[in-house]
Number of protein chains: 2
Amino acid sequence: MTKKPPQRPATLADIARHAGVSRSLASLAIRGEGAVSPETRKRIMEAAAALDYRPNLVARSLASAEAGYLGIVVGEIENPLQAEIAKLASGLARAEGYSALVSIDADTDEKAEEAIRTLIAHRVSGVLAIGAPFEKPAIARVASWIPMVYVGRLLKVVAVDSVTTDDVTGGILAVDHLVALGHRRIAHVDGGASPGAERRRDGYRRAMERHGLERQIRIIEGAYTIDAGARAARALLAEPDWRPSAVFASNDMTAIGLINEAMRIGLSVPGDLSVVGYDDVTLAGTETLSLSTIHQSAGDLASAGIAAMMARLAEPDAAVSKILVPPRLMTRRSSAPFSATAAA
Amino acid sequence: MTKKPPQRPATLADIARHAGVSRSLASLAIRGEGAVSPETRKRIMEAAAALDYRPNLVARSLASAEAGYLGIVVGEIENPLQAEIAKLASGLARAEGYSALVSIDADTDEKAEEAIRTLIAHRVSGVLAIGAPFEKPAIARVASWIPMVYVGRLLKVVAVDSVTTDDVTGGILAVDHLVALGHRRIAHVDGGASPGAERRRDGYRRAMERHGLERQIRIIEGAYTIDAGARAARALLAEPDWRPSAVFASNDMTAIGLINEAMRIGLSVPGDLSVVGYDDVTLAGTETLSLSTIHQSAGDLASAGIAAMMARLAEPDAAVSKILVPPRLMTRRSSAPFSATAAA
DNA sequence: TTGAAAGCGTTACCAG
DNA sequence: CTGGTAACGCTTTCAA
C-alpha cells in the first residue's frame, strides 16, 4: 500500500505557529542566516522536523531576487558524451549554488529555441547549451536573449562563449602516436561536416606535414557512424598501389566499422593495420575492442563550461571566450609498431 | 557582441498598464481563458508583443493550485535506452499539460533520493523514475513521499506502479526465432542479476521446454557488457562435447562481445554460429553489425509510463499497476538457418 | 465583459 | 535578536 503523502505540505507559517515565532524568524533560522538565538533556533528546527517541513522552492525563487537557476539544454541526450557532460554539469551547477533545469528533448532548432524560451520563463540566470541549437543563426539568436555558453563546438564566427575539445591537437596526437610506432602510410577517415571533423582533419594534415609525410596524406570522406567506417575500409583497402599500415579515424564509431570490415576482409588489427579512433566512447575501452583513441574529457568540458558560465554571469560584458579543452591519447591494443613484413 | 537582455523582464502589470486594463484581465486574455472582448484582447496581445512579455512560470506555478510539474529522474542517462525514454517522456508530459523537471545525475540511491526531495520541493505532482533509485527499499521509501511510476524494472514485491518490457516474452521470441531457423543447440548467455535478466532467462528456459529441447538448455553466466560476452564465448566454445549452433544473449553488448570473440576464434557469424541479442541498441541496427535482437521500445515504455502517471494522479487510490510492454523481434543478419555442415 | 482584492509561500526590509 | 509588513508576479474568486 502506498502511503498517501500528507494532504497539504507544511509551510513556513505552520512551523512558525508551531514554534510560536514569526514567519520571518522561522525563515532565518531554517536557512541558517542572520542571528537567531540558539534557543529559538532549536525550537524552530524541531517544529520543522516534526511537521516534515520542506521549503517550497517555487515560492523561494519567486521571492528572492536571484532565482538561482541555471538552464541546461542538451541536443542529443542519447549521445553518451553529451549525456555525460550534462550530468556532470548539473552536479557542478549545484556546487556553485545553482539548481539545474535540464531540457533533454531539444533535438531540432525549433525545439531548442522553445526549450530555451521556457527556461527563460523560469528565470534561469543563464543557459548552458550542449550540442544544440544546431545552426549558427539559431545559436546567435538564442544567445541574444540570455547569457549562454555553448559546449561541443568551436563557435568561430558567432560571438558566443564556447567550450570544445582541441581537435587540432587531437588529430596531431593521433598521427604523432602512429608515426612514433614507425608508421608512414597513415590514412585519415574524416567525419565530413560533423562537428570537429574539420579540425581533426587539419590536425592530421598538419602533423603529417611536420613529419615530412605530405606525400602520404590520404583522406577518405567518412562520417561519425559504423557504416561509414566500413565503407571507408572497403575504399581504402581496395587501392592497389597504396595500402596504409595505419588509419586515424575521426570518430570511434568510424574506427569500429573500419576494424570490423578489415577483419572481415581477413586483415588482422593491429597486425596488418593499426587503427586510432576519436572520442573514447565506453565501447573503446572494453577489453574486447581495446581501441586506441583520442579521449575527450566530459569532466573537463563540463567544468570548463560551468566555469565559463560563472565568468559570464559575473562579468556580462567580458570578452567572448573560446575555450579549448586538451584531448588525451589513450594507447590500447588496436595500434602497434609497424612491421615491415605486414606491409603489403 | 552579445546583446544584453532587457534589464527587467516585462510583467503582467506592465502590459496591463500599457493596454490600459487591469492585471486580471490581462492574465485572462493572455491565457485565452474566460470571456474577453475581441477588442480588448487584441489590445492586450499587442501590448504583450510590444513589451516582449513572457509569463514568469515561477510566479504562475506558485499562484495556481496545481503547479503542473512532473518530475523525471534518470539513473543512468549515459545509457541510451534510458536517455531515449526520458526524452520521449518529457515530450509526452508536455503534451499532457505538464512541464517536466528532469534530474539526470541520480546515479546513486542517495543522489536519487536527494533529487526527488528537490523535485518535491518544487511541488511536482508526481515523479517518473527511470532506472533509479536502484534498491528496493529506496524505491519504496521514495514512493511513500509522492506518486511515482517506475520505468525499467518489474517491481514485483514493491507496491509501486511499474512499467517494463515483457522480458519473458522477449526470451521466448528469441528462442522461437532460432528454433524456427532449425537450431536445436541453443545456449543462453544471461545477464546475472541485472534488471530483466532473470525474466529473459525464464523466457529462454520456458521456450526451450515448450520445444522439447530441455536437454539442450545451457545457461552461461554473463553480464550486460561486451567483455562478459567475450568471456562467455570462450567458455561456451571451449566445451568439446556440446557446441551450440546458436546463442541467445541477454543483452546486445553481450552479443557483440560474443560475436567479436567468435570471429577472433575463427568462427563465422552466422555461418557457424547464429546470435540473437536483446535491446536493439543503435549499434545493433548498423549494416556492419546487423545484429538480430529483441527490440525494447523506448516510445512504448515512455508512453506507458506517462499514461500510468496520469492514471495514478487521477485516481490516487487505484490498485498498483504492473505494466508489461511487448518486445519485438528484429531479424537481421546475425542469425541464419541452421546448416548441418556447420555443426561441429 | 471588466476590475478590485485576496492570496500562493517565501524573502527582504525596517523598526523595536 | 525578533516580529511586522511589504514585495515577488501571477491566478482566482467575487462583485460590479
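Every chain is numbered from 1, with letters handed out A, B, ... down the list of sequences. Note that this is a predicted model, so its numbers are computed, not measured.
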* Asked: Which parts of nucleotides 8-16 of chain C does protein reach within less than 4.0 Å, heavy atoms only, written one letter per nucleotide 5' to 3' as B for base, S for sugar-phosphate only and - for none?
  -> BBBBB----

* Rounded off to whole Å, could you give me the CG-to-C1' distance for the B:L57 and D:dC8 pair? => 15 Å

* Asked: Side chains of B:R31 and B:S27: do they bring a donor and an acceptor to under 3.5 Å?
  -> yes

* Structure fact -> Contacts of A:S24 meeting side-chain contact (heavy atoms from CB on, under 4.5 Å) (sequence neighbours excluded), chain-then-number -> A:S22

* Asked: Under 3.5 Å, is there a donor-acceptor pair between the B:R94 and B:S90 side chains?
  -> no

* To do: Could you tell me whether B:D161 and B:K322 make a salt bridge, using a distance below 4.0 angstrom between a side-chain N and a carboxylate O?
  => no

* Structure fact -> One would report the end-axis bend of the helix from C:dT1-D:dA16 to C:dG16-D:dC1, five pairs per end and rounded to 10 degrees, as 40°

* Across the strands shown, which category fits B:V58 at heavy-atom distances under 4.0 angstrom: base, sugar-phosphate, nothing? -> nothing

* Atom-to-atom span, CZ of A:R17 to C1' of D:dG4 - whole angstrom -> 16 Å

* To do: Grab the CG-P distance between B:L25 and D:dC10 for me, whole Å please.
  => 15 Å

* Residues in ring pair (Phe, Tyr, Trp, His ring centres under 6.0 Å) contact with B:H122, at least two apart in sequence or another chain -> A:Y69

* A:E113: what forms a side-chain contact (heavy atoms from CB on, under 4.5 Å) with it, not counting sequence neighbours? -> A:A138, A:R141, A:V142, A:W145

* Look at A:D52 together with A:R54 and state whether they make a salt bridge at an N to O cut-off of under 4.0 Å. => yes

* To do: Grab the NE2-C1' distance between A:H122 and D:dG9 for me, whole Å please.
  => 14 Å

* To do: Provide, to the nearest angstrom, the distance between the CG atom belonging to B:D14 and the P atom belonging to D:dG9.
  => 9 Å

* **side-chain contact (heavy atoms from CB on, under 4.5 Å) involving A:E76 - partner list, sequence neighbours excluded** => A:E78, A:N79, A:Q82, A:F134

* Mind calculating the distance between CG (B:L51) and P (D:dG9) to the nearest angstrom? => 14 Å

